[in-house]
Amino acid sequence: MDPIPESYVDLMPCDETLLVELGRVTWASARLHAGVRDAINRLDGASSDKPFRTTLGSAVSDLRKKAVACARQDIVDWVDDYGMPAVKQHRNKVAHAVTYTAPDGTQAIQTDDHSPPGRFLNPELREVSRVLIEAHARLPAT
């Protein structure tokens, strides 16, 4: 079977007004992942892209384990207070969102379990980006 043409990307039903903010969430997640990778590498004393071969949540969990082993309570606190909440309570809700046709007729996304915020509009997506940016900014130096 031949692959569908690239032009079909433009035909995918979506709320185009959300695309910039969805991209911003993705970008903020990638920046946080890079920061977590760098922190893991500094704790390990060696450079590696291994943390990129796992999910962001798994990398944050790995960072916590390494911080405990290195007696870095500041990093453990960061994981508990900023890192993991940013991933589980914010980023994952967007990453695991499902599409549906909203009452206004647009193709929308909502949390997969219908938990708040439910439907993601630009303000909700911007808040997810803000939380991810704050987590990255508060990551302790290693």
Side-chain angles (χ1 to χ4, degrees), residues 1 3-104 106-142:
M1 179 191 282
I4 62 170
E6 180 271 336
S7 61
Y8 276 45
V9 171
D10 295 327
L11 301 175
M12 179 182 62
C14 66
D15 181 348
E16 291 189 11
T17 66
L18 300 180
L19 296 182
V20 169
E21 295 307 330
L22 282 167
R24 203 177 313 271
V25 168
T26 300
W27 192 267
S29 296
R31 285 180 45 87
L32 179 58
H33 205 152
V36 169
R37 179 217 45 197
D38 292 347
I40 289 171
N41 286 345
R42 285 191 293 274
L43 290 177
D44 283 346
S47 182
S48 170
D49 281 338
K50 185 177 175 187
F52 284 155
R53 295 187 198 111
T54 187
T55 65
L56 174 57
S58 292
V60 172
S61 291
D62 290 346
L63 176 59
R64 189 182 197 287
K65 290 175 194 168
K66 290 177 185 296
V68 168
C70 294
R72 288 293 306 268
Q73 188 61 43
D74 59 333
I75 297 174
V76 172
D77 291 343
W78 175 86
V79 169
D80 295 346
D81 297 341
Y82 294 98
M84 201 52 80
V87 174
K88 286 188 174 181
Q89 298 168 16
H90 298 279
R91 179 250 177 210
N92 284 359
K93 285 187 176 189
V94 174
H96 301 293
V98 295
T99 62
Y100 72 106
T101 303
D104 62 10
T106 62
Q107 290 298 302
I109 61 170
Q110 70 181 17
T111 54
D112 63 345
D113 60 0
H114 303 284
S115 63
R119 183 177 178 181
F120 286 97
L121 296 171
N122 282 323
E124 292 81 15
L125 292 170
R126 289 184 67 82
E127 176 61 10
V128 171
S129 293
R130 188 200 65 75
V131 168
L132 292 163
I133 292 164
E134 180 173 21
H136 184 258
R138 291 185 183 273
L139 183 59
T142 49

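Remember, it's a predicted structure, so these values are computed and weren't measured experimentally.
Of all non-hydrogen atoms in E124 and P117, the two that sit nearest each other are CG-CB, 3.6 Å. Between G57 and M84 the shortest heavy-atom distance is O-CE, 3.6 Å. Nearest approach of T111 to P116, heavy atoms of both residues: CG2-O, 4.2 Å. Heavy atoms only, all atoms of each residue included: L56 and S29 are closest at CD2-O, 4.0 Å. Considering every non-hydrogen atom in both H33 and T54, the closest pair reads CE1-O, 3.2 Å. The two residues R126 and E21 make their nearest non-hydrogen contact at NH1-OE2, 3.0 Å.
To the nearest 0.5 angstrom, D44 atom CG is 3.5 Å from K66 atom NZ. A distance of 9.0 Å separates CZ of R37 from OG of S48, quoted to the nearest 0.5 Å. How far CD of Q107 is from CG of D15: 9.0 Å, rounded to the nearest 0.5 Å. Between the CG atom of D38 and the CG atom of L139 there is a distance of 8.5 Å, given to the nearest 0.5 Å. Expressed to the nearest 0.5 Å, how far CD of E134 lies from NE2 of H90 amounts to 9.5 Å. In this structure, the separation between CG on D49 and CD1 on I40 is 11.5 Å, given to the nearest 0.5 Å.
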- Task: Any chance you could lay out the side chain to side chain contact (heavy atoms under 4.5 Å, CB included) test for L63 and L43, step after step, and finish with the verdict?
- Result: CA-CA 9 Å; L63 176 59; L43 290 177; 3.7 Å; yes
- Task: Any chance you could lay out the side chain to side chain contact (heavy atoms under 4.5 Å, CB included) test for R119 and Y100, step after step, and finish with the verdict?
- Result: CA-CA 10 Å; R119 183 177 178 181; Y100 72 106; 3.2 Å; yes
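Salt bridge R138/D74: absent, no basic N to carboxylate O contact under 4.0 Å. Ion pairing between a basic and an acidic side chain is recognised when a charged N comes within 4.0 Å of a carboxylate O; D80 and R64 show such pairing.
At a threshold of 4.5 Å between non-hydrogen side-chain atoms, the residues T55 and S58 count as touching. Side-chain contact between K93 and F120 is present, with at least one heavy-atom pair separated by less than 4.5 Å. Under the 4.5 Å side-chain criterion, counting only non-hydrogen atoms from C-beta, D62 is in contact with K65.
Heavy-atom neighbours of R31 CZ from other residues, nucleotides or ligands within 6.0 Å: at or below the threshold of 12.
Using a distance-only test at 3.5 Å, with no hydrogens or angles considered, a donor-acceptor pair links the side chain of W78 to the main chain of A135. Looking only at distances, no side-chain donor or acceptor of D112 sits under 3.5 Å from a matching main-chain atom of V98. Looking at T106, its side chain never comes within 3.5 Å of a backbone N or O of A108 through a donor-acceptor pair. For the pair N122 (side chain) and T17 (backbone), a donor-acceptor distance under 3.5 Å is present.
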